[in-house]
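Heads up, the thing below is written out as C-alpha cells.
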Number of protein chains: 4
Amino acid sequence: MASTKRRASRLSPEKRTADILVAARAVFAERGYNDMVMSEIAERAGVVEGSIYRYFRNKRDLMFRMAEAWFEEMIEDDAATLAAIEGTRNRLRFIIHRHLRSIHQQPDMSRLVFQHLRPEPDYRDTRLFALNRAYTARVSEVVAAGMKAGEIRSGLSPTLVRDVIFGSIEHRTWAFLRNEGDYDVDGLADQVLDLVWRGLEAPREAASTQEILGRIEALLSDRAPS
Amino acid sequence: MASTKRRASRLSPEKRTADILVAARAVFAERGYNDMVMSEIAERAGVVEGSIYRYFRNKRDLMFRMAEAWFEEMIEDDAATLAAIEGTRNRLRFIIHRHLRSIHQQPDMSRLVFQHLRPEPDYRDTRLFALNRAYTARVSEVVAAGMKAGEIRSGLSPTLVRDVIFGSIEHRTWAFLRNEGDYDVDGLADQVLDLVWRGLEAPREAASTQEILGRIEALLSDRAPS
Amino acid sequence: MASTKRRASRLSPEKRTADILVAARAVFAERGYNDMVMSEIAERAGVVEGSIYRYFRNKRDLMFRMAEAWFEEMIEDDAATLAAIEGTRNRLRFIIHRHLRSIHQQPDMSRLVFQHLRPEPDYRDTRLFALNRAYTARVSEVVAAGMKAGEIRSGLSPTLVRDVIFGSIEHRTWAFLRNEGDYDVDGLADQVLDLVWRGLEAPREAASTQEILGRIEALLSDRAPS
Amino acid sequence: MASTKRRASRLSPEKRTADILVAARAVFAERGYNDMVMSEIAERAGVVEGSIYRYFRNKRDLMFRMAEAWFEEMIEDDAATLAAIEGTRNRLRFIIHRHLRSIHQQPDMSRLVFQHLRPEPDYRDTRLFALNRAYTARVSEVVAAGMKAGEIRSGLSPTLVRDVIFGSIEHRTWAFLRNEGDYDVDGLADQVLDLVWRGLEAPREAASTQEILGRIEALLSDRAPS
DNA sequence: AATGAATGAGGATTCATTCAT
DNA sequence: TATGAATGAATCCTCATTCAT
C-alpha cells in the first residue's frame, strides 16, 4: 500500500496564516466556540496541527487574530463611508446602524468578542483591544467634533456617550445573540439614535423663543402707524 | 469493628440547600468561575459531592440558584426604598445608582451573570431571567409612569430605555470587572442620569408657548388704537 | 450490541491504591520509564484512567510511590536480619551486600530512583527521600556504633562513609544498569568491604607491640646462662 | 524584486561546528536540559535550525559533543599538572580535588553527564565514554603505579578504586547538584582522600615488625658465646 | 551549503456526574 | 438519605527532525 502522504506545498507565511484564519473562521462558524477543535482547523487549512502553532502561539491567540481580522475589515470598510457623511447626527446614525448590522450579520463573531475575548483578563494588552477602541472611538470623535461645532451640548463626556451607544446596542441584542428572535436594524438604529440624540443635542428652545419674539416685535413695530 | 465514620447529620432540605448555596458562593468568591469545583463546595458545605446533586440538578443549576439568590436580595432590598422615592427622575437615579453599586460591590457575581449565565442558550427559561427581568423592569415601569405623568415624552419604548440604561452601565464597567481600575459610583450615576434624562424628558414647549403668547398680548395691548 | 461496560467493583482505597501500584510496577518493568503510559496502567489495574488520579496526584507521584513501596519493603525485610548480625564489619558487609543485591534484582527500579527520581529538584521534600535516608542511614549508624566500640577509628564522618559505600556501589553498577554485563554480588561485596574496611578500622599498633615484646622475651630466655 | 534576505556567510565547517557548540553550551547553561531547544541554539549560532543537522546528527549527538568538549578541556588541562606531581598520595589527591572542583564549577554540565548522558543505553559506544574513561583511568593508573612502587597494597582492583573515588564524590555531591547547599572543595577532598588512602596503603606495621624481630634475632645470635 | 516551512506522533489530566452500597 | 468510589470523554501543544527549494 503506497503511502499517500504528501507534504503541504511550501507557502509564504502570509498566505499560510491567511489560510489558517479562513479555516478557523469556517470551523468556528459551524461548530461554535466550544466545539472548535484545532485538528479540524488544521485539516481544513490543509496542514498538520503542529503547523498552526508556527503561526499562532495557541488557540487563544488564534481566536484573537480571527476577531482582529474581523475588526480590521470593518474599520477599513467604514473609513471612506464615514468620511463622506456630513453632520454629527448623520454620522452617529451611521455608526449605530453599522454596529447593529455587524451584530446582525456576524452573530457568532460578536458573541465571541463580547462573551469570550473582551472579558479576558489581559484583554487590554491585546491588539483586539486597540482595534475595538479604534472602532468605538469613532463615536467619541464625532461627539467631540459635534461639541466643537455647537451641535452637541458641552460638558458631556465623549467616552460616556460611546458607552451609552455601544452598551445600549449590545444589551438590546443579547436576546438575538442567544438565538431568540430577530431585530430590525433600521428601525432600531432610529430608535437608539433618537433617544441618544436628545440626550446630546444643544438646547435650541431658549434661542428659538428669543428669535420668535424678536421677529414678532420687529414685525409689529414695522406696522406702527406713522 | 466499629465504624468511626460519621454520617452527616440529617438536616432539613431547606437548610441543606442553603448551606450548599452559602458554600458555593464562598468558593466562587475565592476561586472564581473557572476554579470553582464541586468537591470543594461539598467539603465546605459539610456534605459529600454526590449529595449536592440531590439538591441541585447540576453545577449549572447551582450557579443559577446562586445568582437568583443574589437578585432576590437586591429586589427585596430595593422595593421599599423605591416606593418611597418620588419623581421619575429621582427614581431613575436610584435604579442607576443601585446597579452601579451592585456591580461595584459584587464584581464576581456580576461577571458570572453577564458573562456566563445570561449568554446561556436557554437563559430565557430560567428563573434568573425572570428575576433579572423584574430587576430591570423597574426602569420600564418608571418610564411608563413618567410618560403618563407627562414628565417623559411619549413615543418612547420603555424597554429601549431599559436597555440604554443597563447597557450603558455594563459597557462602562467592563474594565472594572476585568480588574482594570475603579469607578466612582455617585459621579457616574449622575453622568449617566444626566445623559439619559435629557433623552427622555418631555419638551417644555407648552411653557414657552405660554410665554410667547403672553408677550405678544402685551405687545399688542401697548399698541392699542388710540 | 449489548454494552459490556461494567463498573469496577467498589473497593477500599487501600486495596485500590495497592492494585494500581502493582499494575504500575508491572507496566514499568515491561515498558520502562519512557513508555510507561497511564492508560495501560489503568487497564491493568482494572480501572479507568481518571480513577488513578483519585489516588495519585499525577504520574510523578505514582512513580515516587512505586519507589517508596520498594524501599519500604527493603527496609522492613532487613530490620530483623540486621539486628541479628553482630560486629561492625559483618553489619557493613550485610548492608553492602544488600545494596548490591537490590540493584541486581531490581535494575529497573534502581535506575528509576537513581536517574529519574533522586535528581528531581524537590526530591528532598519527598517521602522517598526520607526512606532513602533511612535506608542509607544504617551505614552511618553502624559506623558511629563501631567508632564508639573502638572498632573504627575516630575522626571519621559517618555520612562520608555512607557516601563512599553507596557511591562506590552505584558507580560500579552503572554499566550493569545500562545492560552491559553482569556482576557477582558476593565477590563485589567482599571487594568493596575490604577496601572500605581498611579505611575505617582502628590501627592495631598496640597489639603488634605486645607481640614484639613477647617474642623478644622468648628469645632472651632461650639464651639463659647455663 | 530584490531579496533582502541575507544568507549566512559561508564559514568553514570547523568554525561553524564550534559556533554551534558554543551556542549550545550557552543555551544549556541558561535554560537547562529540559528547556534547551534547537531553535534557540540555531538562533544564537546565527544559523537556521536545519543547518545544525549538517554538523550534528541530532540533538543527542550535539549534547554528547558538548560534554566531550568539556572533558577534553579538563583532560588536557590536567595532563601537565599531573605529570609534575610526585607521590601516589599526592596524585590521588589532585584527581579527587579536580573532580570536586569540576562539579563545583560546572554543575549543569556535570548533571548532564551523570543524569542524562551516562545512563544512555549505548553510552559505551560513545566518544564521551572513551574520554570519561581516560579521565577516570588516571586513578587506575596511579593506583597501579603505586602498587608497583609498594605504596599501595597489592591485591586491589585498580578499577574498583576508581569506582570508589568517583562514586563517593558523586554521591556526596548530589545534593549540591540539586541546588541544595554547597560544599567545600578543599576540605572534602582531604576527607575523601584520607578515607580512601587508608584503604589503599600498604600495611607497614607487619613488615616493620618482621624487620624489627629479624634484626633483634640477628643481633642476639651474633652475641652467642662460643 | 543554507534555508525554514512542514511534519507528526503522542499522552497526561480534569472534574462534573452517576450509582452501587 | 447519604456516601464516595468510579466513570469517561475529550484535546491542546511541543519540538526534534526532514526535505523541497
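Labels below follow one simple rule: chain letters A, B, ... track the order of the sequence lines, proteins then strands, and each chain is numbered from 1.
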Using Watson-Crick pairs (N1 to N3, plus N6-O4 or O6-N4) and G-U wobble pairs, both distances under 3.5 Å, which stems of at least 3 pairs involve DNA chain F?
E:2-21 with F:2-21
Proximity to DNA chain E (any heavy atom under 4.0 Å), residues of residues 26-42 of chain B only
B/M36, B/V37, B/M38
Applying side chain to side chain contact (heavy atoms under 4.5 Å, CB included) to A/M109 and A/L112, what does each step give before you reach the verdict?
CA-CA 5 Å; A/M109 209 52 107; A/L112 173 67; 3.9 Å; yes
Under the side-chain hydrogen bond (donor to acceptor under 3.5 Å, both in side chains) test, residues paired with A/R16 that sit two or more places apart
none
Which residues share a side-chain contact (heavy atoms from CB on, under 4.5 Å) with D/A69, sequence neighbours left out
D/R25
Contact list please: residues 43-63 of chain A against DNA chain E, heavy atoms, distance less than 4.0 Å, in numerical order.
A/V47, A/V48, A/G50, A/S51, A/R54, A/Y55
Would you please name every residue forming a side-chain contact (heavy atoms from CB on, under 4.5 Å) with B/P107, sequence neighbours left out?
B/F176, B/L177
Without placing hydrogens or testing angles, list every side-chain donor-acceptor pair under 3.5 Å for residues 58-66 of chain A, not counting sequence neighbours.
unit_1: A/N58; atom_1: OD1; unit_2: A/R60; atom_2: N; d: 3.3
unit_1: A/N58; atom_1: OD1; unit_2: A/D61; atom_2: N; d: 2.8
unit_1: A/K59; atom_1: NZ; unit_2: A/M36; atom_2: O; d: 2.7
unit_1: A/R60; atom_1: NE; unit_2: A/E120; atom_2: OE1; d: 2.5
unit_1: A/R60; atom_1: NH2; unit_2: A/E120; atom_2: OE1; d: 3.3
unit_1: A/R60; atom_1: NH2; unit_2: A/D122; atom_2: OD1; d: 2.5
unit_1: A/R60; atom_1: NH2; unit_2: A/D122; atom_2: OD2; d: 3.3
unit_1: A/D61; atom_1: OD2; unit_2: A/R57; atom_2: N; d: 3.0
unit_1: A/D61; atom_1: OD2; unit_2: A/R65; atom_2: NH1; d: 3.4

Only counting residues at least two apart or in another chain, list the ones meeting side-chain contact (heavy atoms from CB on, under 4.5 Å) with C/S51.
C/V47, C/V48
Separation of F/dA2 atom C1' from B/D19 atom CG, nearest Å, is 15 Å
Go through the structure and list residues passing side-chain hydrogen bond (donor to acceptor under 3.5 Å, both in side chains) with C/E40, not counting sequence neighbours.
C/R31
Residue set satisfying side-chain hydrogen bond (donor to acceptor under 3.5 Å, both in side chains) with D/E49, at least two apart, ordered chain then number -> none
Just to verify, what does D/E68 make a side-chain hydrogen bond (donor to acceptor under 3.5 Å, both in side chains) with, not counting sequence neighbours?
none
Name all residues meeting the side-chain contact (heavy atoms from CB on, under 4.5 Å) criterion together with A/E43; count only those two or more places apart in sequence or in a different chain, and write none if there are none.
none
Looking at F/dA5, I'd like to know if its phosphate oxygens (OP1 or OP2) sit under 4.0 Å from a side-chain N or O belonging to C/R16.
no
In whole angstrom, give the distance that lies between atom CG of C/L11 and atom C1' of E/dA20.
13 Å
